[in-house]
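Structure, as structure tokens:
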Amino acid sequence: MRQLLARLNPEQRRAVTTTDGPLLVLAGAGTGKTRVITVRAAYLLDQGNPAESILAVTFTNKAAREMKARIVGLVGKHAAVGLTVGTFHAFCARLLRKHGAPIGVPPGFTICDASDQLAAHKAVLRDLHVPEATIHPRQLVAEVSLLKNSLVNPEAAGESAVDDRDHLVALAYRRYGEHLRRAGVLDFDDLLLRTLDLLREHEPTARNLTDRFRYLMVDEYQDTNGPQFEIVRRLAGERRNLCVVGDDDQSIYGWRGADVKNILGFERQFPGATVIRLETNYRSKEPILAAANKVIGNNPARHGKTLRAARGEGSPVRVFGVDDEEREARNVVTDIEGRKTTSPLKDMAVLFRAAAQSRALEAALRARAIPYRLVGGPSFFDRKEVRDVLAYLKLLANPTDEVSFLRIVNCPPRGIGKSTIDKVLAYATEHGLGAAAAFENSEIPAKAKAAAAELKATLARLGEKDPGPRLVNTIRALLDAIDYRVELVRCYADEQVREQRWNAVEEVVNFAENYVRRSRGPTLTEFLERLALTATDDEKDDDQKDGDALTLMTLHAAKGLEFPHVYLVGCEEGLLPHDKSVATDQVEEERRLMYVGITRAQDNLTITFAKSRAKFGRRAERMPSRFLYELKGEAPPKTWRAAGQKAPAERPTKKANGRRRSRR
DNA sequence: CATGAATTTTTTTTT
DNA sequence: AAAATTCATG
């Protein structure tokens, strides 16, 4: 332990050894933040604290896994047993599964992911007979979620509504909540909110938890939202052994309800808190750091840190303007090919603002046969056939899960079409029933009724009890019962496509096999929970990990990572900062995003912008990002303002589409 | 009710 | 340009 401490700088060491009372570690990019947290955990263990008393929370599964692995590396596998390291959502899900019953959370609840959430909101709108033209379901999801995360309940939302639209949102919010509750389903936000309810309303559990977790650590604290803050505050209790680590300059999740005030106001929330600043950057060469400092310096309201480069001089940041996104992709790829002779591909990353930007890059990489790894992107679990199968499984675990039910009720086709479903749904809301139950009594074609009854029987038979270790058999029996293979044959004429789709289904089975093998007491419920909460990564990138490959990802996904060579593409007005953010006055967050991007680079940073870019298939002129001028310390040219300002065009709504698009 | 064609929307970021 | 949704037809 002494050796470990000796390898830290004085500030880091102080952060590690300050174990009691509230502690805020302001850790600039690349200042050894993860190192501090992991060594701190090791230090706590070394001081004789039981592993069970330590809770470390992160935001992503990847971060959680990495943290756990590094702690194990420090103290050994044995000493780390019993340590709780996980994401907020995973931690909350486990808690609710175990202790949620007293506050009305059914132990068998299923978790609905983003697309289920969207489907549920659409169902609510349909139910309210509100045409989707009135309010876009996507926007509704975002607004309702933001309300939830701001701890505003439907009643309060209704009261503070000032126009029809607000009222509609409040109403839809209430209906959506009722819908989920009746179905025994929780969305991501509910995991946090219900946990908060649990801590507030169920004293015994709350005490139990505060007694157990004597030391709390929260990573990426700048990204916590209201409920997360409350959860942490309550868990810390009066003991207040709470260590939060973060960087206000890297707060990039405001749109998800994250509140920078949590980190900016920590000292006020926890009077007497120790504040430690980590300002020595061990990651980037000086020119890169200088660029980062210049850009972020334009943001007001910061905790204020000045990063010092420990690594000294290096090559300057390169900025290139190109004609269009194709050219941009080709140039970047050519540059990467050149670099490939001296550095492995895994030391390079291409970062961008929006996921869609990967298209052009992927095309160029394929053309040159350069292996790449796209992080984030559409997951394996988003494929239609996988989602279908999972919906069936969710129904086995939770027969009242209406979202899943509606998804699969006519897949494979059972003669239960749209009009039938509409009738059933109308009947269901009228009588306060679930959709599945409403099938029996509503007036619909006998054929459809019979089909529904058969489906119900099948599900009841397979879902009678949790299959536990026989999970794989159950999945196979299910696929058999619904003839899913046949369904694929029916849907896809192309042999190859069909095989691909079936492979995806087989992959779910494999996944289940792995899960059962690794888990001690496997259950279907837990299996589904894992899929919902750790969807993207895990096994998936294992295959691609062994080979040397370039990394492509969004700026959001890049946070916390570092690469020797970084390409930051699409640095244009409208993209970074994004039009939508400019329109809603959130340029500061975009600037932080830029800052995150710059500070990922260790040795070389290349920034590009295109003079024209295709958007929705239409080509448009682009201006270099304002951040590029900030980076160089120049004022933007006069013409920039005029061009930059015609961007917004918010609130299109009205259907006055008299103007037709000219073809091609 | 199911199917394929026509039309519309999507791209900001994610647990 | 692609995906999702709506429409028209069998």
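First the proteins, then the strands, lettered A, B, ... as listed; each starts at 1.
Regarding contacts with the backbone of dT13(B), every side-chain N or O of Ser581(A) stays at 4.0 angstrom or more from both OP1 and OP2. Within the structure, every side-chain polar atom (N or O) of Lys559(A) is placed at least 4.0 Å from both OP1 and OP2 of dT13(B). For dT9(B), the OP1/OP2 oxygens have no side-chain nitrogen or oxygen of Arg138(A) closer than 4.0 Å. When the side-chain nitrogen and oxygen atoms of His578(A) are compared with OP1 and OP2 of dT12(B), one or more of them lie within a distance under 4.0 Å.
Contact annotation: the side chain of Arg592(A) never approaches that of Gln250(A) to less than 4.5 Å [non-hydrogen atoms, C-beta and beyond]. Contact check for Phe91(A) versus Leu191(A): no side-chain heavy atoms found under the 4.5 Å cut-off. Residues Arg626(A) and Val582(A) are in side-chain contact: their nearest non-hydrogen atoms beyond the backbone lie under 4.5 Å apart.
In this structure, Ala90(A) reaches neither bases nor backbone, as no heavy-atom distance under 4.0 Å exists between it and the strands shown. Heavy atoms of Phe88(A) sit nowhere under 4.0 angstrom from any nucleic acid atom. Ala356(A) comes within 4.0 angstrom of a base, heavy atoms only.
Atom CG of Asp382(A) is separated from atom P of dT14(B) by 12 Å (rounded to the nearest Å). If you measure from atom NE2 of His556(A) to atom P of dT13(B), you get 9 Å, rounded to the nearest angstrom. Leu118(A) places its CG atom 10 Å from the P atom of dT10(B), with the value rounded to the nearest Å. Summarising the geometry, the separation between CZ on Arg126(A) and C1' on dT5(C) is reported as 13 Å, rounded to the nearest angstrom. The interatomic distance linking Leu555(A) (CG) with dT11(B) (C1') rounds to 14 Å, in whole Å. The CG atom of Asp187(A) sits 18 Å away from the P atom of dT14(B) (whole-angstrom rounding). Following rounding to the nearest Å, Gln228(A) (CD) and dT15(B) (C1') show an atom-to-atom distance of 8 Å. Atoms NZ (Lys580(A)) and P (dT11(B)) sit 8 Å apart, rounded to a whole Å.
With hydrogens and angles left out, the side chain of Arg256(A) and the base of dT13(B) share no donor-acceptor pair within 3.5 Å.
If you check dT15(B), dT5(C), dT14(B) against the side chain of Thr87(A), the one that comes closest is dT15(B). With dT14(B), dA1(C), dT12(B) as the candidates, the nucleotide lying closest to the side chain of Phe616(A) is dA1(C).
Where DNA chain B pairs in unbroken runs of 3 or more (Watson-Crick or G-U, both distances under 3.5 Å), the stems are B:1-10 with C:1-10.
Residues Thr224(A) and Asn262(A) bring a donor and an acceptor atom of their side chains to less than 3.5 Å of each other. Side chains of Asp388(A) and Tyr484(A): a donor on one and an acceptor on the other come within 3.5 Å.
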Find every protein N or O atom lying less than 3.5 Å from an N or O atom of nucleotides 1-7 of chain B, and list the pairs.
unit_1 : atom_1 : unit_2    : atom_2 : d
dC1(B) : OP1    : Gly417(A) : N      : 3.3
dC1(B) : OP1    : Thr420(A) : OG1    : 2.0
dC1(B) : OP2    : Ser419(A) : OG     : 2.4
dA2(B) : OP1    : Gly415(A) : N      : 3.0
dA2(B) : OP2    : Asn410(A) : ND2    : 3.1
dT3(B) : OP1    : Arg490(A) : NH1    : 2.8
dT3(B) : OP2    : Arg490(A) : NH1    : 3.0

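With Asp324(A) contributing its side chain and Arg613(A) its backbone, the two residues share no donor-acceptor pair below 3.5 Å. Checked by atom type and distance alone, the side chain of Thr420(A) never pairs as donor or acceptor with a backbone atom of Ile416(A) at under 3.5 Å. Without hydrogens or angle criteria, Arg353(A) side chain to Thr554(A) main chain gives no donor-acceptor distance under 3.5 Å.
Rounded to the nearest Å, the gap between the C1' atom of dT12(B) and that of dT5(C) is 23 Å.
Considering all non-hydrogen atoms of both residues, Tyr176(A) and Lys148(A) come closest at CE2-NZ, 3.8 Å.
Of the two residues contacting DNA chain B, namely Leu575(A) and Tyr253(A), the nearest-nucleotide position lying further toward the 5' end is that of Leu575(A).
Stacking between Trp255(A) and the base of dT13(B) is present: ring centres sit under 5.5 Å apart and the planes differ by under 30 degrees. Here Phe188(A) does not count as stacked on dT14(B), because the ring centres are not under 5.5 angstrom apart with planes under 30°.
Using a 4.0 Å cut-off between charged side-chain N and carboxylate O, Glu385(A) and Arg501(A) make a salt bridge.
The CG atom of Leu95(A) lies 6.5 Å from the CG atom of Leu199(A); values are rounded to the nearest 0.5 Å.
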